There are 2 protein chains.
Amino acid sequence: MNHASAGGDPGKSATDAGLAFRRHDHSHCCGGLIARADALAAERGLKLTPVRRRALEILLEEHRAVGAYEVLERLAGEGFGNKPPVAYRALDFLVENGMAHRIARLNAFMACMHPGDDHTPMVMICRACRSVAEAPAEPVAAAVEGSAAAAGFAVEGTVVEALGLCSACLARGEG
Amino acid sequence: MNHASAGGDPGKSATDAGLAFRRHDHSHCCGGLIARADALAAERGLKLTPVRRRALEILLEEHRAVGAYEVLERLAGEGFGNKPPVAYRALDFLVENGMAHRIARLNAFMACMHPGDDHTPMVMICRACRSVAEAPAEPVAAAVEGSAAAAGFAVEGTVVEALGLCSACLARGEG
DNA sequence: TGGTTCATGTTATAGTATCACATTTCTCTT
DNA sequence: AAGAGAAATGTGATACTATAACATGAACCA
């Protein structure tokens, strides 16, 4: 198997975990996810406007964290505005609607591989190749919830990021 | 700095979880932690120099995330340099040596309440009162490790932050 | 005592993010 | 179809966060 299906079945996150770290049919996985974003927008009455859509495509084209200013540069090169709010607004829209994630540790963004699934993402950041992938986070979310509950804290959102080495870089004998 | 608790007794973190959110003898908890930092530095041959010590005190005086520039302002007011590297170097030292934590989501810093324990912190950030507290993160670290292992990812460090409402703000009927 | 290392200080600059306001586009209602 | 209101986009200005590069000074120890 070298590509991802766009479906949202629960078994999928386990299958796709670390997808970015493996070889796969990239144009197919991008196309599928754009289609899924379109469907999602239609479903929910959201407007996936040209800037927003293009911003998502830019994130999808890389399987890595991309800075807002890098997205901005590419948008500007295609005729959109070239001021920071252009990129930040598009990215914020994508994040708020579950089509992308913000990676706090890197002050950067990545496309979500399971848009629509209401998941708390856990992201893995490879320090050698800089690629970023999502992993299933339900067990992590449960643990966070448990620890927080013990302190009487009501969790509304989480940031869970693992830093280390991806399988490919480990295999190549990095660090 | 890695997870895998090094030897702080497990009962302690549970007891202290959410301390910042409760009433407590603040000057006592600060003094104790400065003493602990001194001991730690002596033990490990680290130099808790005046800037570093003062930076730690500043973090301890607030039970909240403090930005580097706010620390800098206070340091400068006390005769230390007033350029960003002064604050960043002191804060980096504290973070590297487990005396403070960086909060990625806020681009800010907080004093560690368990210096010396080699823990991966989980921090809880209250959106209403902006206070920040640590919670035991061993179960979370284990879950992160598990999800990462399934993707062949070798975890070297983690960022785990929960956003929401602390017990005090919940009791006061916030949002 | 001279050299090495580490800590501090400074200048300059890079990178990230938001505010405030003008203009356009969309949408709904009448 | 016209107009009011809301949403989206564009722009200028600015605030906030962080690091690079290099100079000076203090501590350590052979």
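Every chain is numbered from 1, with letters handed out A, B, ... down the list of sequences. Predicted, not measured: the structure shown is a model, and the values here were computed from it.
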If you look at every heavy atom in [X] and [Y], which pair is closest and at what distance?
| X | Y | value |
| --- | --- | --- |
| P84(A) | Y69(A) | CG-OH, 3.2 Å |
| A137(A) | P121(A) | CB-C, 4.0 Å |
| A100(B) | L59(B) | CB-CD1, 3.8 Å |
| A151(B) | M124(A) | CB-CE, 3.7 Å |
| S147(A) | P136(B) | OG-O, 2.7 Å |
| C112(B) | L33(B) | O-CD2, 4.0 Å |

Check each residue of residues 65-92 of chain A for a non-hydrogen atom within less than 4.0 Å of any atom in DNA chain C, then write out the ones that pass by number, or none. Y69(A), P84(A), P85(A), Y88(A)
Quick one, which residues of residues 51-58 of chain B touch DNA chain C with a heavy atom under 4.0 Å? V51(B), R52(B)
Please determine whether the number of non-hydrogen atoms from other residues, nucleotides or ligands lying under 6.0 Å from atom CZ of R64(A) exceeds 12. yes
Can you confirm whether more than 12 heavy atoms, excluding those of E73(B), are under 6.0 Å from its CD atom?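 No, the 6.0 Å shell around CD holds no more than 12 heavy atoms from other groups.
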Over its full length, what angle do the end axes of the helix from dT1(C)-dA30(D) to dT30(C)-dA1(D) make, each axis taken from five pairs and the result rounded to 10 degrees? 30°
Chain B on DNA chain C: first and last contacting nucleotide, 5' to 3', under 4.0 Å to a heavy atom? dA7(C) to dT11(C)
Quickly, which of V155(A), V159(A), T158(A), V144(A) forms a side chain to side chain contact (heavy atoms under 4.5 Å, CB included) with T120(A)? Name it, please. T158(A)
Once base and sugar-phosphate atoms are separated, protein heavy atoms under 4.0 Å mark nucleotides 24-30 of chain D, 5' to 3', with B, S and - as -------
Between R102(A) and F109(A), is NZ or CZ placed under 6.0 angstrom from the six-membered ring centre and within 45° of the ring axis?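 Cation-pi check for R102(A) and F109(A): fails.
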Check the pair L56(B), R53(B) against side-chain contact (heavy atoms from CB on, under 4.5 Å), reporting the backbone distance first and the verdict last. CA-CA 5 Å; L56(B) 178 55; R53(B) 194 190 162 96; 5.8 Å; no
Side chain to side chain donor-acceptor pair (under 3.5 Å): which pairs involve residues 75-91 of chain A, sequence neighbours left out?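 Qualifying pairs, neighbours excluded: R54(A)-E78(A).
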Between the side chains of E62(B) and R74(B), is the shortest nitrogen-to-carboxylate-oxygen separation below 4.0 Å, so that they form an ion pair?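 Salt bridge present between R74(B) and E62(B).
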Close side-chain approach of R36(A) and H114(A), heavy atoms under 4.5 Å: no
May I ask you to decide if I125(A)'s main-chain N or O and E161(A)'s side chain share a donor-acceptor pair within less than 3.5 Å? no
